A.B. asks: 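For reference, the structure I am asking about is given below.
Side chains are part of it too, since the values below use all heavy atoms of this structure and drop only hydrogens, waters and symmetry mates. Predicted model only: the values in this text are computed from it and were never measured.
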Number of protein chains: 2
Amino acid sequence: MTETSPAPTDHHAIAAGLEGLIGLLRVLSPSGGPSLTTASTLHRLDTAGPSRLSDLAAGEGVTQPAMTQLVSRLERQGLAERRGHQQDRRVVMVHITEAGTRLLGQRRAHRAAALTRLLASLPAEDELSIAAALPALVRLAAMASSGSERWVRS
Amino acid sequence: MTETSPAPTDHHAIAAGLEGLIGLLRVLSPSGGPSLTTASTLHRLDTAGPSRLSDLAAGEGVTQPAMTQLVSRLERQGLAERRGHQQDRRVVMVHITEAGTRLLGQRRAHRAAALTRLLASLPAEDELSIAAALPALVRLAAMASSGSERWVRS
DNA sequence: TATTGTTATACTCTATAACTATA
DNA sequence: TATAGTTATAGAGTATAACAATA
C-alpha cells in the first residue's frame, strides 16, 4: 500500500472515537452549571465574536427556535444580549457580555483543573498528542460550524 | 525553556478547545436520532461490555435517576436490556442488544461519511494529527469514566 | 417571494427528593 | 446503616409547525 491519504476506515474509527467524548465533556463540566450547548454557544460567542442567531443555530447543530430560546435564557441570566443589525433589520446579532466571559473563564479553570488531575494518570505522550491535535480539532469544529447543515445533517 | 512537561496553561487551552467540540458532535449526529448521551451510553456498552447502571451514570456524568430513565428508554426501544447480578441482587447489569449494536453501526457510518466530507476541506496533516491523538483521547475518556465523580465534579 | 427570527405546542431529557430492596 | 436502583415531580431543552417582520 502506497496511498498517501488514510483509508475510509480511519474516518470510521475517528467517528467511533468521537462518540465516547460526550461522557468526558459532561464529566468535566461542573454539575450545577449551564448545559453543554449553552457552554458551547458562549464559547463560540467568545471566540468568533458577535454572531447572527441563525449562524449560532447552525454551528451548534440545533434549530433556529431552539437557539432563540437558548439566547433568551442567556439574556435573562445576563450572559449575552441581542443587538440589531444596521444593514438588515431582520437580523439579530448576539453579543457575549462581561458576565458571560467571566463565567466562561470560571468553567475553563474548573475544567483545566479536572484535566490536570486526569492527565496526571496518563502517559505524558498522551498529553502531547492531544495538545498537538487540538488546533486540528478546532479547525474541524469550525468547518462544521459554517454552512454545515447543507451537507452534513441527514 | 527546557521543561519536559507542559505548563498548566496548556490544560487551560485544552479545556477551552474541548468546549468547542460539542457543536461538532451535534452537527455530526443525524437530526432525528437519539440524544448525544444516549449514543454515548450505547457506545460505552458496546466498547466496555455489560455495565452496572451506576457505573454508566458516573461515566456519562449524569445522575442515577437520569440513567435509570435512559436505560428504560433504551429497553423500550429494544436497544439494551437489564439483567440481574448473581452475587449482588441489588445490582442491575445493562447489556446492549443486537439492535443496539446495529444502530450504533449506522450512526457511525453516517458520522464517518460526514467526517470524510469535512476532512476533505482541511489539510491532510490535520487528519493525521487527529488520528494520532485518538487513542489518547479514548484513554482520557476512559479515565474520566472510572470513579471520576469523586475528584472531578464540583 | 424568500429570509430572519419568534411564538405555540408537545415531547424528551435531566436533577432533586423521597422511596424500596438488598447488603 | 450503607448501597443500588426506582418513582415522583418539576424544570430545562429541543423539534415541528405556524406566524410576523423585513428584504
A.B. asks: Dump the pairs, protein N or O against N or O of nucleotides 8-13 of chain D, anything under 3.5 Å, distances to one decimal.
C.D. replies:
from   : atom 1 : to      : atom 2 : distance (Å)
D:dG13 : OP2    : A:Arg73 : NE     : 2.5

A.B. asks: Just jot down the salt bridge (charged side-chain N to carboxylate O under 4.0 Å, His left out) partners of A:Arg83, sequence neighbours excluded, or say none.
C.D. replies: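 Applying salt bridge (charged side-chain N to carboxylate O under 4.0 Å, His left out) to A:Arg83 gives A:Glu81.
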A.B. asks: Locate the shortest heavy-atom distance separating A:Leu25 from A:Leu36; write the atom from each residue and the value.
C.D. replies: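 So the minimum-distance heavy-atom pair works out to O-CD2, 4.1 Å.
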A.B. asks: Please check if the side chain of B:Thr97 supplies one atom and the backbone of B:Leu79 the other of a donor-acceptor pair under 3.5 Å.
C.D. replies: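 Pair found, side chain donor or acceptor close to backbone of B:Leu79.
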A.B. asks: Whole angstroms only, please: what is the CD-C1' distance between A:Gln64 and D:dA17?
C.D. replies: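 These atoms are roughly 14 Å apart.
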A.B. asks: May I ask you to verify if any side-chain N or O of A:Thr63 is less than 4.0 angstrom from the OP1 or OP2 atom of D:dT14?
C.D. replies: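 Answer no for this pair, as no side-chain N or O of A:Thr63 is under 4.0 Å from OP1 or OP2.
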A.B. asks: Heavy atoms only: give me the nearest A:Thr68-A:Arg82 pair and the separation to one decimal.
C.D. replies: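 Scanning both residues completely, I find the closest heavy atoms to be O-NH2, 3.5 Å.
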A.B. asks: With a 4.5 Å cut-off on side-chain heavy atoms, are B:Asp55 and B:Arg44 touching?
C.D. replies: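 No, every pair of side-chain atoms sits at 4.5 Å or beyond.
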A.B. asks: Are B:Glu60 and B:Ser40 linked by a side-chain donor-acceptor pair shorter than 3.5 Å?
C.D. replies: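 Yes.
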A.B. asks: How long is the line joining CE of B:Met67 and C1' of C:dT16, in whole Å?
C.D. replies: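 Value for this atom pair: 17 Å.
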A.B. asks: Please give the remaining members of the hydrophobic cluster of B:Val91, linking ILVMFWY side chains under 4.5 Å, ordered by chain and number.
C.D. replies: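 Members other than B:Val91 - counting any ILVMFWY side chain reachable under 4.5 Å - are B:Met93.
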A.B. asks: Show every donor-acceptor pair shorter than 3.5 Å between a side-chain atom in residues 131-140 of chain B and any protein atom, with sequence neighbours excluded, or say none if there are none.
C.D. replies:
from     : atom 1 : to       : atom 2 : distance (Å)
B:Arg139 : NE     : A:Asp126 : OD2    : 2.6
B:Arg139 : NH2    : A:Asp126 : OD1    : 2.7
B:Arg139 : NH2    : A:Asp126 : OD2    : 3.3

A.B. asks: Counting only non-hydrogen atoms, which of residues 40-55 of chain B are less than 4.0 Å from DNA chain D?
C.D. replies: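 Only B:Arg52, B:Leu53, B:Ser54 qualify.
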A.B. asks: On the nucleotide D:dG5, are OP1 or OP2 found under 4.0 Å from the side-chain N or O atoms that B:Thr68 carries?
C.D. replies: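 It does not, given that no N or O in the side chain of B:Thr68 lies less than 4.0 Å from OP1 or OP2 of D:dG5.
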A.B. asks: Are B:Arg52 and B:His85 linked by a side-chain donor-acceptor pair shorter than 3.5 Å?
C.D. replies: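 No, because no side-chain N or O of B:Arg52 sits under 3.5 Å from a partner of the opposite role on B:His85.
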A.B. asks: So if I take residues 80-95 of chain A and measure heavy-atom distances to DNA chain C, which residues fall below 4.0 Å?
C.D. replies: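 Result for residues 80-95 of chain A: A:Arg82, A:Arg90, A:Val91, A:Val92, sorted by number.
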A.B. asks: May I ask you to check whether B:Thr38 and B:Arg73 show a side-chain donor-acceptor distance below 3.5 Å?
C.D. replies: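 No.
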